[in-house]
Amino acid sequence: MEINAKLVKELRDKTGAGMMDCKKALQQCEGDLEKATNWLREKGIAKAISKSDRDTKEGRIYSYIHTNYKIGVLVEVNCETDFVAKNEQFEALCKDIAMHIAASNPLAIKPEDLCQTFIENEKEVFRNKAINEGKPDSVVQKIVDGQVQKLYKENCLMMQEFVKDPNKTVQEMIAEAIATIGENIQIARFTRYMLGEN
């Protein structure tokens with residue numbers, strides 16, 4: 001059965017599972033949204049959503065130095081228990097997150113963490129560019145909104161395509177880790193250093 005992107009997105013929004021997991025669930029359940037939701041829950045993939053409001057007071061600060069010794073990352077990744085903070089899966093996740101930050105150079109974790117002045121300036125540039133290109137007033141705001149979404153996807157860690165698997169975002173990768181590890185996991189903060197940068 002052919003599964004369309006709209007149905008996959010609907011299941012993803014409902015469960016927080018990755019796109020590929022949602023597609024597989026819908027294929028297994030012949031496009032039935034409720035059955036696919038239950039299939040994901042049975043596999044433990046949809047657990048991430050229910051854990052997202054639990055406290056994360058443990059974790060670790062992970063340091064990563066890129067192989068050329070010119071880029072370094074410090075990232076704080078939080079979880080619920082000291083036990084998980086010390087396990088190999090959690091350490092591997094921290095490493096993946098740090099490597100991604102080194103490679104993709106995000107400006108913030110989520111859109112709301114970006115500087116509002118920066119966003120407003122970018123909106124003005126997008127608006128003026130659309131006007132200068134002769135776009136009608138009725139579509140200028142849609143163009144601006146689309147460009148802002150693109151800006152978020154390029155600069156916000158959770159919305160970026162995961163460097164080791166561009167078919168999923170960093171947020172989806174973390175949701176999968178939550179389902180596997182069984183605890184809420186949050187990225188609290190990060191700093192990326194590049195040789196010669198102030």
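The first residue in the sequence is number 1, and the count goes up from there. Heavy atoms only: backbone and side chains are in, while hydrogens, waters and symmetry mates are out.
- With sequence neighbours excluded, no residue forms a side chain to side chain donor-acceptor pair (under 3.5 Å) with E112.
- Annotation for F90 and V84: closest pair CB-O, 3.2 Å, computed over non-hydrogen atoms.
- Partners of S63 by side chain to side chain donor-acceptor pair (under 3.5 Å), not counting sequence neighbours: none found.
- A search for side-chain contact (heavy atoms from CB on, under 4.5 Å) contacts involving L107 returns L114, F118, N155, not counting sequence neighbours.
- Summarising the geometry, atom CG belonging to L157 is positioned 6.5 Å from atom CD1 belonging to I174; distances are rounded to the nearest 0.5 Å.
- Hydrophobic clustering of Ile, Leu, Val, Met, Phe, Trp and Tyr side chains at less than 4.5 Å, counting indirect connections, unites W39 with L33.
- Considering every non-hydrogen atom in both V75 and C94, the closest pair reads CG1-O, 4.3 Å.
- Residues satisfying the side-chain contact (heavy atoms from CB on, under 4.5 Å) test with T67, not counting sequence neighbours, are none.
- Summarising the geometry, atom CD belonging to Q171 is positioned 11.0 Å from atom SG belonging to C156; distances are rounded to the nearest 0.5 Å.
- To the nearest 0.5 angstrom, I3 atom CD1 is 10.0 Å from L11 atom CG.
- Not one N or O on the side chain of H100 forms a donor-acceptor pair closer than 3.5 Å with the backbone of F162.
- Residues satisfying the side-chain contact (heavy atoms from CB on, under 4.5 Å) criterion with K95, sequence neighbours excluded, are Y62, M99.
- In this structure, NZ in K24 is found 9.5 Å from CD in Q27, a value given to the nearest 0.5 Å.
- Residues forming a side-chain contact (heavy atoms from CB on, under 4.5 Å) with A188 (at least two apart in sequence, or on another chain): E76, N78.
- A single hydrophobic cluster is seen to contain both F83 and L93, as judged by linkage of ILVMFWY side chains at heavy-atom distances under 4.5 Å, directly or through other members.
- For the pair I119 and Q116, the minimum side-chain heavy-atom distance is below 4.5 Å.
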For this session: Could you please spell out the steps behind the side-chain contact (heavy atoms from CB on, under 4.5 Å) verdict for M158 and I187?
Result: CA-CA 9 Å; M158 299 301 274; I187 300 172; 4.0 Å; yes

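- With sequence neighbours excluded, no residue forms a side chain to side chain donor-acceptor pair (under 3.5 Å) with E10.
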Taking only distance into account, with no hydrogens and no angle test, what donor-acceptor pairs under 3.5 Å do side-chain atoms of residues 129-152 form with protein atoms, sequence neighbours excluded?
unit_1	atom_1	unit_2	atom_2	d
K129	NZ	E133	OE2	3.1
N132	ND2	N128	O	3.2
Q141	NE2	D145	OD1	2.9

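- From L7, atom CG reaches atom NZ of K23 across 11.5 Å, with rounding to the nearest 0.5 Å.
- Across all their heavy atoms, P106 and I101 have their closest contact at CD-O, 3.7 Å.
- Between the side chains of T180 and Q89, no donor N or O sits under 3.5 Å from an acceptor N or O.
- Cluster membership for Y193 and I61, using ILVMFWY side-chain heavy atoms within less than 4.5 angstrom, is shared.
- Between atom CG of residue N105 and atom CD of residue Q160 there is a gap of 8.5 Å, rounded to the nearest 0.5 Å.
- Applying the salt bridge (charged side-chain N to carboxylate O under 4.0 Å, His left out) test to residues at least two apart or on different chains, none of the pairs has a partner in residues 99-111.
- Here salt bridge (charged side-chain N to carboxylate O under 4.0 Å, His left out) pairs that include residues 153-168, with residues two or more places apart or in two chains, are D96-K164, D165-K168, K168-E176.
- Under the 4.5 Å side-chain criterion, counting only non-hydrogen atoms from C-beta, T169 is not in contact with M159.
- Formation of a donor-acceptor pair under 3.5 Å by the R192 side chain with backbone atoms of A102 is found in this model.
- Put simply, the side chain of E183 gets close to the backbone of E80: a donor and an acceptor are under 3.5 Å apart.
- Residues forming a salt bridge (Lys or Arg N to Asp or Glu O under 4.0 Å) with K35 (at least two apart in sequence, or on another chain): none.
- Residues passing the side chain to side chain donor-acceptor pair (under 3.5 Å) test with D82 are K86, sequence neighbours excluded.
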